[in-house]
Amino acid sequence: MSGVLEIEGGRPLAGEITVRGAKNFVSKAMVAALLGESPSVLSNVPKIRDVEIVADLLRAHGVFVDHDQAAGTITMNPSGVGAAKSADIITHAGSSRIPILFCGPLLHRLGEAFIPDLGGCNIGGRPIDFHLEALRRFGAEVAKEPDGMRLRAPKRLQGMQMELEFPSVGATEQLLLTAVLAEGITELRGAAVEPEILDLVAVLQQMGAIITLETDRTYRIEGVESLRGYRHFALPDRIEAASWAGAALATGGDITVLGARQLDLTAYLNYFRKVGGRFDVTDHGIRFWHPGGELRSIVVETAVHPGFMTDWQQPFVVALTQATGLSIIHETVYEKRFGFTKALRRMGAQIQLYRECLGSERWCRFGRRNYEHSAVISGPTPLHGADIRVPDLRGGFSHLIAALAAEGRSSVSGIGLIDRGYEHFTDKLDSLGARYWRR
Ligand code: UD1
């Protein structure tokens, strides 16, 4: 990925920015539009690359997509849906993980689907075994081809029962997007309940689906004969909000994130407060600031919702380099999510990685599998500028924060990757008073 930012750090970021719809919801709601027999309209859509990728894939399948970027509205009309040319699909190979979610909707609409090889951040093996098992149980035939995966539905997909070994977000969405039009009842146990998934359930319900969520992570979906389009305002991006909150803490700053919603961030806010950050919830967003003085060290374990989200971890780690004492992070969602700490160490952070579970060993999948998935951060350590390369989306944003917090000049390359999930982030840096130059 191209793009280099030269950053002159060591200045508090202060000001107001706005977050719009959640990347991890908007892309899925766009896929859901394929299931309707009439147009759907999604608003609060951010201008990020993942949205463009899904729009291109929809267009390749004959869906009319009109993206009004200024208004943040996407209109999708699936009445002309048809098979895509393989070349139009393959061009998106490796760009995102969303294409796997096209399987169920395309099988329902066309009886077949071709899915490119997937991309997404390199933070672990990221298998799709749960997705494939689910699709096969619905009755789909799956065959691997050189450039992707070909699926066929010899007859209408059938409701089924499945229990996930781990509450995977993507697999839960796959099940929901497929079960809504499958014949009969589908029961999914051990499922994920992230706010973005519940917003997807809201969209599907508007479309005519019947989905019940029990208290024990079980979804029960009664398949219907057809669905219509929806109108929906996307929930805000709680990952982006937490990223800017981390930037406020790490730089000793004061950032108001307009559009951020407390309800989606309660676990994050608890830790933000425990470490010594302050926040104020208003009708329009949340103000996050560093009150001055010392930050406190803390122990955090990432988990599925309602726990501390894995995507909040990286910007938070940068702030923890400024906390007094030893902080511990036990990462239980992805096995390789500490790659970004190498650059932080070069900038002066003291971070030690461990293969052991420094937290609940009982349910962590990585402790006995030799992955460095626990981190101990010793602080406070002043950060100094360095030449760094963005490794993945969230890790990349944390590098940006580290460079903004560090004394001196840093060169951050590969920043194109950050556009995948952070809308207008350089404009936002401008309004927060950051000093940087594009090279
Ligand atoms: C989504 C989010 C990502 C977030 C993650 C966890 C999007 C576009 N991305 O990713 O930002 O970090 O949820 O909240 O919404 N797994 C399997 N087999 C599978 C599927 C998953 O073993 O078939 C494992 C993964 O390797 C990982 C864990 O389950 O260890 C969680 O993955 P999952 O929740 O599926 O993440 P994504 O949906 O890819």
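Indexing begins at 1, ligand by ligand and atom by atom, following the structure's order.
Among the atoms of Tyr334, some N or O lies under 3.5 angstrom from an N or O of ligand 1. An N or O contact shorter than 3.5 Å links Val333 to ligand 1 by distance. Taking only nitrogen or oxygen atoms, main chain and side chain alike, Asp311 reaches within less than 3.5 Å of ligand 1.
Here is the list of ligand 1 atoms found below 4.0 Å of a heavy atom in His131: 23 (O). Residue Arg365 approaches ligand 1 through these ligand atoms, each under 4.0 Å from one of its heavy atoms: 24 (C), 28 (C), 29 (O), 30 (O). For ligand 1, the atoms closer than 4.0 angstrom to any heavy atom of Ile128 are 23 (O).
The structure places CD of Glu335 at 5.0 Å from OH of Tyr371, a figure rounded to the nearest 0.5 Å. Rounding to the nearest 0.5 Å places NZ of Lys342 at 13.5 Å from CD1 of Ile351.
Under a cut-off of 6.0 angstrom, the local environment of CZ in Arg273 is sparse, with at most 12 non-hydrogen atoms contributed by other residues, nucleotides or ligands. Other residues, nucleotides and ligands place no more than 12 heavy atoms under 6.0 Å from the CD atom of Gln205.
For atom 33 (P) of ligand 1, the nearest non-hydrogen atom from the set Leu393, Ile239, Val169 belongs to Val169. Scanning Phe130, Phe166, Phe366, Phe25 for the heavy atom closest to atom 31 (C) of ligand 1 points to Phe166. Considering Ala303, Gly421, Gly170 only, the shortest heavy-atom separation from atom 38 (O) of ligand 1 involves Gly170. One option in Pro127, Ser168, Ala171 has a heavy atom closer to atom 19 (C) of ligand 1 than any other, and that option is Pro127.
Contacts with ligand 1 closer than 4.0 Å are made by side-chain heavy atoms of Arg337 only, the backbone lying farther away. Using a 4.0 Å cut-off between heavy atoms, Arg97 contacts ligand 1 through its side chain alone, with no backbone atom that close. By the criterion of a heavy-atom distance under 4.0 Å, neither the backbone nor the side chain of Glu173 is placed next to ligand 1. At a heavy-atom cutoff of 4.0 Å, ligand 1 is contacted by both the backbone and the side chain of Asp129. Contacts with ligand 1 closer than 4.0 Å are made by side-chain heavy atoms of Lys28 only, the backbone lying farther away.
Salt-bridge annotation for Arg337 and Asp311: present, with a side-chain N of the basic residue lying under 4.0 Å from a carboxylate O of the acidic one. Taking the charged nitrogens against the carboxylate oxygens, Glu240 and Lys23 have no contact shorter than 4.0 Å, which rules out a salt bridge. In this structure, Asp117 pairs ionically with Lys144, as a charged nitrogen and a carboxylate oxygen lie closer than 4.0 Å.
Between Trp363 and Phe166, a ring centre-to-centre spacing not shorter than 6.0 Å is recorded. Taking the ring centroids of Phe316 and Tyr268, they lie under the 6.0 Å cut-off.
Taking the centre and axis of the six-membered ring of Tyr271, the NZ or CZ atom of Lys274 falls inside the cone set by 45° and 6.0 Å.
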